[in-house]
Amino acid sequence: MSTSTYEDTAVAGAETPALMKAAVVHSFTEPLRFEEVATPVPGEGEILVRIEASGLCHTDIHAAHGDWPVKPTPPFVPGHEGVGIVEQLGAGVTQVVLGDRVAVPWLGYACGSCDHCVSGWETLCTEQRNTGYSVDGGFAEFVKASADFVVRVPDGVDPLDAAPLTCAGVTTYKAVKVSGARSSDLVAVFGIGGLGHLAVQYARIAGARVVAVDLQDDKLALARELGADFTVNAAKEDPAAVIQALGGADAAIALAVAPKAFRTAYDSLRRGGTLVFVALPAENGVEIPIFETVLNGITIVGSIVGTRTDLREVFELHAAGRTRVIREERPLAEVNEAIADVEAGRVPARVVFEL
Ligand SMILES: [Zn+2]
Ligand SMILES: [Zn+2]
């Protein structure tokens, strides 16, 4: 909508409507409201993206409920798996052009100059802004984003696949990376859902044998289909005993939003093993024994999303046909029903809102 006056300030594509539909959190105790709000206007270094697909992550549900110690401030628009087409360029933007397809991930901005940023750990930047949490996210027809922090989606990658890869993909890809998984390893993946079904595939790509753990047989069947070598139904068997009988896990990746699963993952490790904390349960604690951790040389590491480089690699692997995204499309107007279904474990892997 914006036009150039005496100076080139911004570049617009097609006529952008002044109002857009968005799913807005007004209160942590009420459902989201699907309503019309003003379309954001990109400032210097920012772009406006017309959303095509937007994935629903557990983090969005925690954001909407205000579950975590650091809470977002309502009203806000959740969503950090938004994928769409660059519609407007703010002043000074040269990183992308109109019509590019980009992903707008959780890491919406980082300072670029602190020790974390310059050492390749921009995800630890204390100045970071998070899409769908501290700045409005992708549960809307348009989202405003920092041009430096969007990641281009390669040709041939379906936007409906790109959306879940933007958080679930990059998060599990990075978790497998930090686990140090190698070709001779056994990797245990705890929780086969939106994240877990991708973690299984990334561990396989790293060359490891994979054991998938979940409470539901259909999710375990999916894990097998995606390359898991072993599966354990934690409702029927003790995963730690089964995995120890396989020799113990070199790495365990905790993706289930239950502290008990973190403890079971710990108990499934072999000596020298690594436990990666990824899921963020509302109940913020798990008891880990000091004695066994010391004697067995266990490493426990937290892993939060991934960098822009990690996301580029995730898209590259998908474009090369190395990964499959299991998803279910829903209209954004049904955001509250989708949240209820995810909380009840009624969706196969990932819900993606189609816009
Ligand atoms: Zn997420
Ligand atoms: Zn920084």
Side-chain angles (χ1 to χ4, degrees), residues 23 25 32 45 51 53-68 70 72 76-83 103-139 143 145-146 148-151 160-176 191-199 202 253-257 276-282 302-311 314-315 325-327 335 338-339 342-343 347 349-353:
V25 175
L32 280 75
I51 295 289
S54 203
L56 170 61
C57 177
H58 247 110
T59 292
D60 299 311
I61 301 175
H62 292 302
H65 293 344
D67 277 338
W68 290 336
V70 181
F76 68 96
V77 178
H80 54 276
E81 287 188 346
V83 168
V104 186
W106 173 252
L107 188 70
Y109 167 86
C111 81
S113 56
C114 69
D115 288 345
H116 304 300
C117 283
V118 297
S119 63
W121 284 96
E122 61 197 25
T123 49
L124 304 183
C125 178
T126 57
E127 303 294 309
Q128 71 182 272
R129 291 198 287 264
N130 299 118
T131 309
Y133 210 87
S134 59
V135 294
D136 282 339
F139 287 2
V143 66
S146 166
D148 272 330
F149 284 86
V150 298
V151 172
L160 292 165
D161 282 351
L165 293 173
T166 300
C167 176
V170 77
T171 298
T172 51
Y173 179 70
K174 185 66 159 192
V176 170
I192 304 300
L195 276 81
H197 88 282
L198 288 158
Y202 294 127
I253 301 177
L255 304 174
V257 280
V276 187
F277 281 16
V278 179
L280 295 166
S303 187
I304 176 75
V305 294
T307 63
R308 289 166 287 178
T309 300
D310 294 318
L311 184 52
V314 160
F315 285 149
V325 175
I326 308 299
R327 54 174 159 79
V335 60
I339 287 175
V342 169
E343 285 183 312
V347 291
R350 203 59 151 184
V351 167
V352 181
F353 299 115

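Every heavy atom of this structure was used, including side-chain atoms; hydrogens, water molecules and symmetry mates were not. Count residues from 1 along the sequence. Just follow the structure's listing: the first ligand is 1, and inside any ligand the first atom is 1.
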So does His58 have any N/O/S atom less than 2.8 Å away from the Zn ion (ligand 1)? no

Test side-chain contact (heavy atoms from CB on, under 4.5 Å) on Glu343 and His65; report intermediate values, then the result. CA-CA 12 Å; Glu343 285 183 312; His65 293 344; 3.0 Å; yes

Taking both backbone and side-chain atoms into account, decide whether His116 has an N/O/S atom under 2.8 Å from the Zn ion (ligand 2). no

Angle in degrees, rounded to 10°, that SG of Cys114 and SG of Cys117 form at the Zn ion (ligand 2): 110°

A side-chain contact here means heavy atoms from C-beta on lying under 4.5 Å apart; do Phe139 and Leu56 qualify? yes

Is the distance between the ring centroids of Trp106 and His80 under 6.0 Å? yes

For residues His116 and Gln128, is any side-chain donor paired with an opposing acceptor at under 3.5 Å? no

Nearest 10° is fine: what angle sits at the Zn ion (ligand 1) between SG from Cys57 and SG from Cys167? 130°

What angle, to the nearest 10°, do the atoms SG (Cys111) and SG (Cys125) form about the Zn ion (ligand 2)? 110°

Parallel, tilted or perpendicular: which fits the ring planes of Tyr173 and Tyr202, with parallel below 30° and perpendicular above 60°? perpendicular

Could you identify the N, O or S atom of His80 positioned closest to the Zn ion (ligand 1)? NE2

